[in-house]
*Asks:* 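Mind looking over this structure? Questions follow.
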Amino acid sequence: MTRRVPEKPALEGLESKWDQRWERERTYRFDRSKDRHEIFSIDTPPPTVSGSLHMGSVFGYVQTDAVARYQRMQGKEVFYPMGWDDNGLPTERRVQNYYGVRCDPTLPYDPAFVPPEQPVEPPISISRRNFVELCHGLTEEDEKVFEDLWRTLGLSVDWAQTYATIDTHCQRISQKAFLRNLARGEAYSQEAPVLWDVDFRTAVAQAELEDREKSAAYYRVAFHREESGPVYIETTRPELIAACVALVAHPDDERYLPLLGTSVSSPLFGVELPVLAHELAEPEKGSGIAMICTWGDTTDVTWWRELDLPTRPVIQHNGRLTEEVPSWILTESGRVAYERIGGLYPGQAQKVIIEMLGEAGDLDGEPRHITHPVKYYEKGDRPLEIVSSRQWYVRNGGRDPELRAQLLKRGLELDWIPEFMRVRYEHWVNGLSGDWLISRQRFFGVAVPVWYQVGPDGEVDHDHPILPGEDMLPIDPTSHVPPGYDESQRGAPDGFVGDPDIMDTWATSSLTPQIAGHWDDDPDLFHRVFPMDMRPQGPEIIRTWLFATLLRSHYEHDTLPWAHATINGWILDPDRKKMSKSRGNVVTPIPLIEEHGAEAVRYWACNGRPGSDTAVDFGVMRIGRRLAMKILNASRFVLGLSDDVAASEVTEALDRSMLASLRDVVVQATEAFDRFDYARALELVERSFWGWTDDYLELVKSRGYEGGRGAGSAHAALQVSLGAYLRLFAPFLPFVTEEVWSWWREGSVHRAPWPGPADFAGLEGDSTILTITGAVLSSVRKVKSDARASMAAEVASVSIFADTDSLLRLRQAEPDLKAAARAREVAYHEGEFAVETVLAPRDG
RNA sequence: GGGCGUUUAGCUCAGUUGGCUAGAGCACUGCCCUUACAAGGCAGGGGUCGGCGGUUCGAGUCCGUCAACGCCCACCA
């Protein structure tokens, strides 16, 4: 092959040049003919494409790519697909804002609908099908943006293996897995209190909750007794007094012992309520006695269930209090009072209630202002309410100690990188308080694939769902018809209805190993890649994605979905603050890559230790860019010296010394990579490389130029080492290493074998020769530097004091040392290590 | 309230099983346009390893405790 070393190598343009070449030459295409043990499979996180691109994605994906490239060079066939998470609420919300539309499922489909150029106010109401079409259209655009970013970054994914969590394939797998869960009793539906977002009008799961500190006030409210004075409770939600079903105190609380078993009547509404005892009532909290409502918080739900209390909800699914007066309010004054709050939102109702309580004299003292944690849907803007609703659940150990123990055991089987991340999983599993709620009252997602029979009386029978066969999947029960029925029977007596809900996005993305591996339609492929080797992901989705994937695999395959889970750290902004939109400190990757180059950004990402939080650091990126430039220039130097020389030509001691230390680096970097510690591998290689350029190259430069005795040895050693460095850097800096590789080698460096001890067979040497010679050279440089002389200044003599062994080693590198130091004479003396340098007269 | 992680030079970070006068890069200072590289090279200054206590011949490294920061979890009356 003719060598083509450019005169002035540059980094610009390498990204697109090599991305196109790799695509054309199918460099990263997965070869499915390989056996399982020859394959390294990665369960790639499908990014939420409707979200904004952020540095956290770049960070984690680049780290994974480094591991993928390493495994590929180790001879593994790497299964590295890419998915897009595009279903669910983030997409819906983005479509709503982007086009100015809202979904109204009651509207008919309009085939001619075209969204407005600009979003309009108020939003246009469109049918569910029109809405879903817009979702599909927009996510396709979003996916292109992501793919472009990944390509620019040089991710070595196989772009033939992509999926989107809303596509037909994913829908089929998602529904199939659900139906199997259902058949085995792992999934069930139930009418029960659920946490409810009143704006999105959907139930949300425990994993999607977050607490936010909100200010509130305790109101001290009087409940009345017939014989004696009032009982005071303290509440932050007096608007729920109408939903009150009992008062509760701790069974050991002597203050309230006489009250237990009696009844009180609620202020304003005059509803008779029992006073009960329960362990969860805290004597220190408030007045020590609490009102139980259906339902003000999750404790209410516990009390309601365990004390077998009646259900008296006043909050509706739309977030407002019911318009009509509840049936349990019997007094005329109570009815009048309720009419003043019916139809209001809780916040408005609270103001009215406080006013009425004040007028009635049932408010004791001034409100006590506090801040307390309030449960929110992580994507929501208003506090969650609790409403009764029929929902689908998957058992997750939250209510089953035996299953919980099995899942904890799975967590122990999994190799966590870093190890301490396992604790987060165990905390989550131990903290589960209920089963996994998977149904959502939304539009853009995978449908719950069931229908229900409608009785002759028009009642829907939720307990005996009609299920599709697996060969029918995917289905949309709101438009498809169950076997044995026709469309005219939809909603009719003795007919059927489709389940209107969709499944939570995690119910689909928890199946990414099955989706990417084509569990349903390509069992041959599936068995070659599953269980997968590696699951890379962020720490914040251990409780969702990791846990749910593990659960589904546990159910369906009775195995872990992957052997290793690598958890990347958190990304902080340059000031080490958490990046968030509200702070306005989000750093977006595209401009960063344009400014610093993909290699620089990759270098920064690979410097982040597995699992450690990392700040966006432009300084580190600049170092990465400098390193990439250095590789280009050093390679140009080495390859400009001579044509290919056989490795067996390496005869000089200094050359063998350099190769011996490089061999050690190779071994250590390999060990680090095998532990998924790419950052350690990079550090080792980088440090070695700078020593190579700064000392070794300088020492052999003139020998290499002059072409005399030993020149061939230098050339051969330089080529062996350059070949090794390029391959060692390839996982981190794929563009520049490929570029240099293409100057003198056939094929892609990314398919070249990872260097190992075999590369250095027959080239054994004493690594300390280079070390000590480098130290002497350094001393000489210092003298020149102190004398403000050029490094090219002539040296009259160098006197080296050292022990016998070191002197012996130094003598072997004497010609190189003399040349690099520009020294006329070198003298050796036994003694403590020291170097005496005498510069030659300047003009002599 | 519970748990996990972090705390080493002005900044960003290494420091593997306790064994060097504690390292690197950036920044800073000085010198050098040396035929791979001046968007470079060479050299230099700079740290009581968060505080306190303990184990040990020896602690940045192990144990205890406290503090700050970050993250996760927790039943919001």
Side-chain angles (χ1 to χ4, degrees), chain A residues 5 8-9 11 209 211-214 216 218 233-237 240 247-248 280-282 285-293 296-303 370 372-376 383-384 418 420-428 430-431 433 539-540 542-543 569-570 572 574 576-578 604 607-609 611-615 617-620 622-623 625-627 629-641 668 671-672 675 677 679-680 683-684 686-687 690 693-694 697-698 701-702 705 777-793 820 822:
Chain A
V5 183
K8 200 84 177 140
L11 295 171
L209 305 183
D211 285 348
R212 297 184 198 164
E213 281 293 326
K214 291 287 160 182
Y218 272 120
I233 60 111
E234 291 192 20
T235 179
T236 56
R237 301 205 63 184
L240 291 178
L247 297 191
V248 65
L280 279 180
E282 292 178 35
K285 212 159 181 178
S287 60
I289 187 164
M291 68 170 183
I292 305 174
C293 307
D297 60 38
T298 51
T299 316
D300 278 346
V301 177
T302 307
W303 281 326
I370 55 155
H372 66 165
V374 178
K375 282 199 192 313
Y376 277 72
L384 293 170
F420 66 77
M421 290 290 182
R422 183 200 316 279
V423 178
R424 301 195 184 191
Y425 170 84
E426 289 172 347
H427 272 214
W428 175 249
N430 280 320
S433 58
E540 75 282 9
I542 289 174
R543 64 177 182 169
W570 201 258
L572 309 168
R576 296 203 67 73
K577 295 277 188 306
K578 183 179 171 180
W604 162 76
N607 256 284
R609 251 58 193 178
S612 30
D613 295 349
T614 303
D617 189 333
F618 309 113
V620 174
R622 279 191 283 271
I623 298 163
R625 189 176 172 84
R626 203 174 57 133
L627 173 63
M629 270 314 294
K630 193 77 174 179
I631 291 171
L632 284 180
N633 284 314
S635 302
R636 190 173 94 83
F637 167 68
V638 169
L639 296 177
L641 280 177
Q668 289 175 51
E671 283 170 5
R675 297 192 308 266
D677 195 351
R680 175 74 183 154
E683 185 193 354
L684 286 163
E686 187 187 6
R687 198 193 317 144
W690 283 106
T693 60
D694 291 347
L697 253 54
E698 291 304 320
K701 192 179 270 181
S702 66
Y705 273 136
L777 180 61
S778 205
S779 296
V780 177
R781 283 173 181 157
K782 178 163 165 51
V783 171
K784 292 183 180 178
S785 183
D786 289 347
R788 305 190 164 191
S790 157
M791 289 302 128
R822 304 284 165 99

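The structure presented is a predicted model; accordingly, all values stated were derived computationally and were not measured. Letters go in sequence order (proteins before strands), and every chain restarts at 1.
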*Asks:* Would you classify A/Lys285 as touching base, sugar-phosphate or nothing, given that sugar-phosphate means primed atoms plus P, OP1 and OP2, and contacts are heavy atoms under 4.0 Å?
*Replies:*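 Base, at least one base atom sits under 4.0 Å.
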*Asks:* Write down the partner of B/rG70 under the Watson-Crick or G-U wobble criteria, each distance required to be under 3.5 Å.
*Replies:*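 Check on B/rG70: paired to B/rC4, both distances under 3.5 Å.
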*Asks:* With a non-hydrogen cut-off below 4.0 angstrom, is A/Ser433 in contact with a base, only sugar-phosphate, or nothing?
*Replies:*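 It contacts nothing in the nucleic acid.
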*Asks:* Report the C-alpha distance between A/Glu213 and A/Asp211 in whole Å, list the side-chain angles of each, state the deciding distance to 0.1 Å, and finish with yes or no for side chain to side chain contact (heavy atoms under 4.5 Å, CB included).
*Replies:* CA-CA 7 Å; A/Glu213 281 293 326; A/Asp211 285 348; over 6 Å; no
*Asks:* Among the nucleotides B/rA14, B/rC37, B/rA43, which one has an atom lying closest to any side-chain atom of A/Arg636?
*Replies:*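 Of all the options, the side chain of A/Arg636 is nearest to B/rC37.
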*Asks:* For the pair made of CG in A/Leu697 and P in B/rC42, what is the distance, rounded to whole Å?
*Replies:*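 Distance check: A/Leu697 CG to B/rC42 P gives 11 Å.
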*Asks:* When we call it a touch if two heavy atoms are under 4.0 Å apart, what does A/Thr235 touch: a base, just sugar-phosphate, or nothing?
*Replies:*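 Contact class for A/Thr235: sugar-phosphate only.
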*Asks:* How do A/Arg687 and A/Glu213 order along RNA chain B: which one's closest nucleotide is nearer the 5' end?
*Replies:*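 Its nearest nucleotide being more 5', the pick is A/Arg687.
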*Asks:* Which of these nucleotides, B/rC42, B/rA14, B/rA77, is closest to any side-chain atom of A/Asp694?
*Replies:*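 That would be B/rC42.
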*Asks:* Among the candidates B/rC73, B/rA14, B/rU12, find the nucleotide nearest to the side-chain atoms of A/Trp428.
*Replies:*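 The answer is B/rC73, which lies nearest to the side chain.
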*Asks:* Taking 4.0 angstrom as the limit, do A/Arg609 and A/Glu683 come out as a salt bridge?
*Replies:*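 A salt bridge links A/Arg609 with A/Glu683.
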*Asks:* Using the C1' atom in both, what is the distance from B/rC49 to B/rG18, to the nearest Å?
*Replies:*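 Each nucleotide's C1' atom is 15 Å from the other's.
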*Asks:* For A/Glu282, answer base if it contacts any base atom (sugar-phosphate contacts may also be present), sugar-phosphate if it contacts only those atoms, and nothing otherwise; contact means non-hydrogen atoms under 4.0 Å.
*Replies:*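 Base: the residue A/Glu282, judged by heavy atoms under 4.0 Å, touches a nucleobase.
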*Asks:* Considering every strand and a 4.0 Å limit on heavy-atom distances, what is the contact class for A/Arg609: base, sugar-phosphate, or nothing?
*Replies:*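 Touches sugar-phosphate only.
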*Asks:* Counting any heavy atom closer than 4.0 Å, what does A/Leu280 reach on the DNA or RNA strands: base, sugar-phosphate only, or nothing?
*Replies:*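 Answer is base: heavy atoms of A/Leu280 come under 4.0 Å of a base.
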*Asks:* Please confirm whether the backbone N or O of A/Ala615 pairs with a side-chain atom of A/Trp604, one donor and one acceptor, at under 3.5 Å?
*Replies:*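 Judged by distance alone, yes, a pair lies under 3.5 Å.
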*Asks:* Whom does B/rC42 pair with, Watson-Crick or G-U wobble, provided both distances fall under 3.5 Å?
*Replies:*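 Across any shown strand, B/rC42 pairs with B/rG30.
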*Asks:* Give A/Asp211 one of three labels, base, sugar-phosphate or nothing, depending on what nucleic acid heavy atoms sit under 4.0 Å from its own.
*Replies:*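 Answer is base: heavy atoms of A/Asp211 come under 4.0 Å of a base.
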*Asks:* With heavy atoms under 4.0 Å as the rule, sort A/Ala216 into base, sugar-phosphate or nothing.
*Replies:*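 If one applies the 4.0 Å heavy-atom cut-off, A/Ala216 turns out to touch nothing in the nucleic acid.
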*Asks:* Is there a Watson-Crick or G-U wobble partner for B/rC62 with both distances under 3.5 Å, and if so, which one is it?
*Replies:*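 Its partner is B/rG54.
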*Asks:* Treating A/Lys784 as the side-chain partner and A/Ala789 as the backbone partner, does any N or O pair qualify as donor plus acceptor under 3.5 Å?
*Replies:*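 No, A/Lys784 side chain to A/Ala789 backbone: no donor-acceptor pair under 3.5 Å.
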*Asks:* Rounding to an integer number of Å, can you tell me how far A/Arg625 CZ sits from B/rC26 C1'?
*Replies:*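 Answer to the nearest Å: 17 Å.
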*Asks:* Taking the same atom, P, in B/rC76 and in B/rG2, what whole-Å distance lies between them?
*Replies:*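 Here B/rC76 and B/rG2 have their P atoms 14 Å from each other.
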*Asks:* Tell me if the side-chain of A/Ser785 makes a donor-acceptor pair with the base of B/rG30, cut-off 3.5 Å, by modelled atom types.
*Replies:*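 Yes, a donor-acceptor pair under 3.5 Å.
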*Asks:* Main chain of A/Gly608, side chain of A/Ser612: is a donor-acceptor contact present, judged purely on distance under 3.5 Å?
*Replies:*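 No; judged by distance alone, with no hydrogens or angles, the pair does not exist.
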*Asks:* What is the nucleic acid contact for A/Glu698, judged by heavy atoms within less than 4.0 Å: base, sugar-phosphate only, or nothing?
*Replies:*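 Contact class for A/Glu698: base.
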*Asks:* At what distance, to the nearest 0.5 angstrom, does CZ of A/Arg822 lie from CE of A/Met791?
*Replies:*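 It is 11.5 Å, given to the nearest 0.5 Å.
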*Asks:* Both distances under 3.5 Å, Watson-Crick or G-U wobble: report the partner of B/rG23, or none.
*Replies:*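 With both distances under 3.5 Å, B/rG23 matches B/rC13.
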*Asks:* In whole Å, I'd like the distance from the CG atom of A/Asp613 to the P atom of B/rC4.
*Replies:*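 Taking CG of A/Asp613 and P of B/rC4, I get 16 Å after rounding.
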*Asks:* CD1 of A/Ile542 versus P of B/rC71: gap in Å, rounded?
*Replies:*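 Interatomic distance, CD1 of A/Ile542 to P of B/rC71: 15 Å.
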*Asks:* Using the P atoms only, state how far B/rC13 lies from B/rG70, rounded to an integer number of Å.
*Replies:*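 One P to the other, the span is 15 Å.
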*Asks:* For the P atoms, the ones on B/rU6 and on B/rC62, what distance do you get once it is rounded to whole angstrom?
*Replies:*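 10 Å, rounded to whole Å.
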*Asks:* Taking it one step at a time, do A/Glu686 and A/Ile623 satisfy side chain to side chain contact (heavy atoms under 4.5 Å, CB included)?
*Replies:* CA-CA 11 Å; A/Glu686 187 187 6; A/Ile623 298 163; 4.1 Å; yes
*Asks:* Mind checking the P distance from B/rG40 to B/rC26? Whole angstroms is fine.
*Replies:*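 The same atom, P, in both gives a distance of 9 Å.
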*Asks:* Heavy atoms from C-beta onward define the side chain here; which of B/rA43, B/rG3, B/rG41 lies closest to that of A/Arg781?
*Replies:*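 Comparing B/rA43, B/rG3, B/rG41 against the side chain of A/Arg781, the answer is B/rA43.
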*Asks:* The side chain of A/Ile623 is closest to which nucleotide in this list: B/rG5, B/rG25, B/rA77?
*Replies:*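 Out of B/rG5, B/rG25, B/rA77, the nucleotide with an atom closest to A/Ile623's side chain is B/rG25.
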*Asks:* Which of these nucleotides, B/rA43, B/rG3, B/rA14, is closest to any side-chain atom of A/Val423?
*Replies:*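 Within the option list, the nearest is B/rG3.
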*Asks:* Any sub-3.5 Å donor-acceptor pair from A/Ser635's side-chain atoms to A/Ile631's backbone N or O?
*Replies:*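 At least one qualifying donor-acceptor pair exists.
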*Asks:* Which listed nucleotide (B/rA14, B/rC75, B/rU35) is nearest to the side chain of A/Arg822?
*Replies:*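 Nearest to the side chain of A/Arg822 among the choices is B/rU35.
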*Asks:* Determine the Euclidean distance between corresponding C1' atoms of B/rG47 and B/rG60; express it in Å to zero decimal places.
*Replies:*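 Between the two C1' atoms, the distance is 12 Å.
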*Asks:* Under the criterion side chain to side chain contact (heavy atoms under 4.5 Å, CB included), I'd like the reasoning laid out for A/Phe637 against A/Leu697: C-alpha separation, chi angles, the key distance, then a yes or no.
*Replies:* CA-CA 9 Å; A/Phe637 167 68; A/Leu697 253 54; 3.8 Å; yes
*Asks:* Expressed in angstrom and rounded to an integer, what is the separation of A/Met421 atom CE from B/rC73 atom P?
*Replies:*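 Taking atom P of B/rC73 as the reference, CE of A/Met421 is at 13 Å.
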*Asks:* Could you check whether A/Met629 gets within reach of a base, just the sugar-phosphate, or nothing at all, counting any heavy atom under 4.0 Å?
*Replies:*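 Answer is nothing: A/Met629 stays at 4.0 Å or more from every strand.
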*Asks:* Can you check the distance between B/rG19 and B/rC28, where both ends of the measurement are the P atom (answer in whole Å)?
*Replies:*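 Roughly 35 Å separates the two P atoms.
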*Asks:* By the 4.0 Å heavy-atom rule, please label A/Ser635 as base, sugar-phosphate, or nothing.
*Replies:*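 Nothing, no nucleic acid heavy atom in range.
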*Asks:* Over all strands shown, is A/Arg626 touching base, sugar-phosphate only, or nothing at heavy-atom distances under 4.0 angstrom?
*Replies:*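 The residue A/Arg626 makes sugar-phosphate contact but no base contact.
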*Asks:* Side chain of A/Arg424: nearest nucleotide among B/rA38, B/rA14, B/rC71?
*Replies:*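 So the nucleotide nearest the side chain must be B/rC71.
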*Asks:* What contact category does A/Val374 fall into here, base, sugar-phosphate, or nothing, at under 4.0 angstrom with non-hydrogen atoms?
*Replies:*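 Base, at least one base atom sits under 4.0 Å.
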*Asks:* Roughly how many Å is it from CG in A/Asp617 to C1' in B/rC26, rounded to a whole number?
*Replies:*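 Going from A/Asp617 (CG) to B/rC26 (C1'), I get 8 Å.
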*Asks:* Check the distance between B/rU16's P and A/Gln668's CD and give it to me in whole angstrom.
*Replies:*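 Distance check: A/Gln668 CD to B/rU16 P gives 13 Å.
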*Asks:* Quickly work out the A/Leu641 CG to B/rU35 P distance and round it to whole Å.
*Replies:*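 For the pair A/Leu641 CG and B/rU35 P, the rounded distance is 15 Å.
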*Asks:* Between A/Lys375 and A/His427, just flag the one whose closest nucleotide in RNA chain B comes earlier from the 5' side.
*Replies:*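 Comparing both residues, the 5'-ward one is A/His427.
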*Asks:* Could you check whether A/Lys701 gets within reach of a base, just the sugar-phosphate, or nothing at all, counting any heavy atom under 4.0 Å?
*Replies:*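 Base, at least one base atom sits under 4.0 Å.
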*Asks:* Which nucleotide in the set B/rA14, B/rA43, B/rA38 lies at the smallest distance from any side-chain heavy atom of A/Ser612?
*Replies:*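 It is B/rA14.
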